[in-house]
Number of protein chains: 2
Amino acid sequence: MQFTKAEEYGMQGVLHLADKGKDEVTPLSEISEARDIPEKFLAKIFQSLSRSGILRSHRGVRGGFTLAKPPGDITVKDVLEAIQGPYHLTKCIPDPDSCARSASCAMRELLVTAEERLLEVFVKHTLEDVVHMERSMSAPPSEKPNP
Amino acid sequence: MQFTKAEEYGMQGVLHLADKGKDEVTPLSEISEARDIPEKFLAKIFQSLSRSGILRSHRGVRGGFTLAKPPGDITVKDVLEAIQGPYHLTKCIPDPDSCARSASCAMRELLVTAEERLLEVFVKHTLEDVVHMERSMSAPPSEKPNP
DNA sequence: TTCTTCGGCCTTGGTGAATTGCATATGGAC
DNA sequence: GTCCATATGCAATTCACCAAGGCCGAAGAA
Ligand code: SF4
Ligand code: SF4
């Protein structure tokens with residue numbers, strides 16, 4: 001990365017849609033206000049996500065966006081990579097020829113491993129998982145009932 | 001990250017020292033030439049490493065740098081953090097107050113996990129390990145003896 | 001003393017992140 | 001069929017930081 005605002009906002013926006021159900025069309029203005037995201041910025045991010053087939057856009061009055069697939073079929077990695085392209089700690093990882101030293105570079109081996117560990121976390125969680133986590137975090141009603 | 005040039009160069013430089021043995025004083029000029037690193041840039045990086053107690057500097061004729069500790073006592077993470085400060089995917093990880101949403105944000109939980117997985121790799125490998133890997137990679141003499 | 005090497009500070013150019021603005025296209029509501 | 005809300009596309013701006021280079025001073029061995 002670094003984890004950019006675009007990724008941050010993009011995830012928030014997609015989670016907002018996932019939380020509302022797959023087929024509820026929601027305009028940018030609502031998401032922008034609810035999650036406190038600059039509307040024009042979010043528009044650009046959602047365009048990337050539409051083109052990647054993660055969102056579906058609907059123009060015209062009462063238009064907006066919906067998820068293109070069920071939340072359980074979209075991983076966090078799908079969203080992040082749709083926003084900022086494939087993530088790599090160094091360019092020598094996807095393209096060993098970019099560094100003359102790569103063939104005998106031990107650091108590169110380490111970086112490949114590190115990158116794998118990082119991405120594993122994002123691959124193994126779908127939007128459904130995250131929404132579920134979010135709900136259980138924000139609503140713990142039986143924690144300490146009033147005496 | 002992103003993995004910056006400073007980290008890249010810093011690791012290369014430190015590995016060069018580790019490869020030569022703990023107590024061999026080596027000037028910037030040699031490292032700079034051997035590993036193809038801009039000398040002034042490397043100088044700045046090594047200053048940070050000196051201040052962090054990873055390197056020791058020696059001024060004057062036949063001066064240079066040495067490791068301050070045995071290579072087995074220095075982890076890759078030590079070096080990387082000395083160069084660019086503590087690594088965090090987002091600022092809400094070390095400082096939850098920086099985001100109003102942090103208390104009920106599931107993404108943050110995911111990011112904490114992802115960051116841990118990434119750093120584990122850097123903590124578990126010392127310079128000694130990496131130098132050892134490097135040697136075994138660049139010198140496989142018994143792989144295919146001449147017929 | 002002298003020469004070598006590091007130390008600190010300041011400057012520069014370049015790149016990309018994070019916005020904002022405006023003009024255009026689309027399609028549902030009426 | 002007209003209107004208006006909405007997305008789409010492109011341009012431009014601002015700002016931060018990375019990468020590098022230059023200059024002079026300090027330290028220290030010979
Ligand atoms: S030196 Fe190693 S880690 Fe650095 S760019 Fe080259 S191959 Fe990659
Ligand atoms: S929304 Fe969640 S992940 Fe993003 S900064 Fe706030 S706490 Fe961190």
Side-chain angles (χ1 to χ4, degrees), chain A residues 1-14 17 24-33 35-68 80 83-91 99, chain B residues 1-14 17 24-33 35-68 80 82-85 87-91 99:
Chain A
M1 318 234 167
Q2 176 90 289
F3 221 71
T4 63
K5 289 285 181 191
E7 293 170 293
E8 174 75 32
Y9 293 159
M11 277 304 305
Q12 288 291 327
V14 170
L17 291 177
E24 186 164 344
V25 178
T26 310
L28 281 175
S29 55
E30 177 187 319
I31 304 173
S32 171
E33 188 173 353
R35 302 266 176 163
D36 201 41
I37 301 170
E39 188 169 328
K40 278 298 294 181
F41 197 3
L42 187 60
K44 188 190 291 186
I45 299 164
F46 270 24
Q47 281 178 46
S48 304
L49 292 167
S50 292
R51 276 192 285 260
S52 302
I54 291 172
L55 298 183
R56 181 160 306 164
S57 73
H58 308 264
R59 292 207 270 198
V61 179
R62 301 232 347 132
F65 291 86
T66 57
L67 294 182
L80 297 180
I83 293 172
Q84 68 150 202
Y87 169 60
H88 294 291
L89 285 171
T90 67
K91 67 175 178 179
C99 178
Chain B
M1 319 250 167
Q2 178 87 284
F3 222 70
T4 62
K5 288 286 181 189
E7 292 169 294
E8 175 75 31
Y9 292 158
M11 277 304 306
Q12 289 291 328
V14 170
L17 292 178
E24 186 164 345
V25 178
T26 309
L28 282 175
S29 55
E30 178 188 320
I31 305 173
S32 172
E33 188 174 352
R35 302 264 177 165
D36 202 39
I37 302 170
E39 189 170 327
K40 276 300 292 181
F41 197 3
L42 187 60
K44 189 188 293 183
I45 299 164
F46 270 23
Q47 281 178 42
S48 303
L49 292 168
S50 293
R51 276 193 285 260
S52 302
I54 291 173
L55 298 184
R56 181 161 304 165
S57 73
H58 307 264
R59 293 206 269 199
V61 178
R62 301 228 354 130
F65 291 87
T66 57
L67 294 182
L80 297 180
I83 293 172
Q84 68 150 200
Y87 168 60
H88 294 291
L89 284 171
T90 66
K91 66 175 179 181
C99 178

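If you're wondering where the values come from, they're calculated on a predicted model, not measured in any experiment. Below, chain A is the first sequence line, B the second, and so on; all start at residue 1.
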Query - dT26(C) OP1/OP2 closer than 4.0 Å to side-chain N/O of R62(A) - result: no
Requested in this report: Using a cut-off of strictly less than 4.0 Å, decide whether S29(B) has a side-chain nitrogen or oxygen near OP1 or OP2 of dT5(C).
Outcome: no
**Report entry** Along DNA chain D (nearest heavy atom to each residue), the more 5'-positioned of R59(A) and H58(B)
**Finding:** R59(A)
**Report entry** Approximate separation, where rounding is to 0.5 Å, of L67(A) CG and L55(A) CG
**Finding:** 6.0 Å
Query raised in the report: Does a sphere of radius 6.0 Å around CD in E33(B) hold more than 12 heavy atoms from other residues, nucleotides or ligands, not counting ones at 6.0 Å or beyond?
Result: no
Query raised in the report: More than 12 foreign heavy atoms under 6.0 Å from CZ of R35(A): is that the case here?
Result: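 Atom CZ in R35(A) is crowded, with more than 12 foreign heavy atoms closer than 6.0 Å.
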**Report entry** Donor-acceptor contact below 3.5 Å, side chain S52(B) vs main chain S48(B)
**Finding:**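 Looks like yes, one N/O pair under 3.5 Å.
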Using the side-chain heavy atoms of [X], tell me which of these nucleotides is nearest: [options].
{"X": "L28(B)", "options": "dC6(C), dG8(C), dA18(C)", "result": "dC6(C)"}
{"X": "A43(A)", "options": "dA20(D), dC6(C), dT8(D)", "result": "dT8(D)"}
{"X": "Q47(A)", "options": "dT19(C), dA19(D), dG9(D)", "result": "dG9(D)"}

Query - Residue whose nearest DNA chain C nucleotide is more 5′ - G60(A) or P38(A) - result: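 That would be P38(A).
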Report task. Starting from the 5' end of DNA chain C, give me the residue, V61(B) or F65(B), whose nearest nucleotide shows up first. Result -> V61(B)
Provide, to the nearest angstrom, the distance between the [atom1] atom belonging to [X] and the [atom2] atom belonging to [N].
{"X": "Y9(A)", "N": "dT19(C)", "atom1": "OH", "atom2": "P", "answer": "4 Å"}
{"X": "L49(A)", "N": "dT8(D)", "atom1": "CG", "atom2": "C1'", "answer": "15 Å"}
{"X": "R56(A)", "N": "dT6(D)", "atom1": "CZ", "atom2": "C1'", "answer": "18 Å"}
{"X": "E39(A)", "N": "dA5(D)", "atom1": "CD", "atom2": "P", "answer": "13 Å"}
{"X": "E7(B)", "N": "dC18(D)", "atom1": "CD", "atom2": "P", "answer": "9 Å"}
{"X": "D36(A)", "N": "dT19(C)", "atom1": "CG", "atom2": "P", "answer": "11 Å"}
{"X": "F46(B)", "N": "dG7(C)", "atom1": "CZ", "atom2": "P", "answer": "11 Å"}
{"X": "K5(B)", "N": "dG14(C)", "atom1": "NZ", "atom2": "C1'", "answer": "14 Å"}

Query raised in the report: Can you find a donor-acceptor N/O pair under 3.5 angstrom joining the side chain of K44(A) to the base of dT19(C)?
Result: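 Pair found.
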Query raised in the report: Is there a donor on the side chain of K40(B) or the base of dG8(C) sitting less than 3.5 Å from an acceptor on the other?
Result: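 Side chain to base: pair present.
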Report task. Dump the intermediate steps for side-chain hydrogen bond (donor to acceptor under 3.5 Å, both in side chains) on S50(A) and Q47(A), then the final yes or no. Result -> CA-CA 5 Å; S50(A) 292; Q47(A) 281 178 46; over 6 Å; no
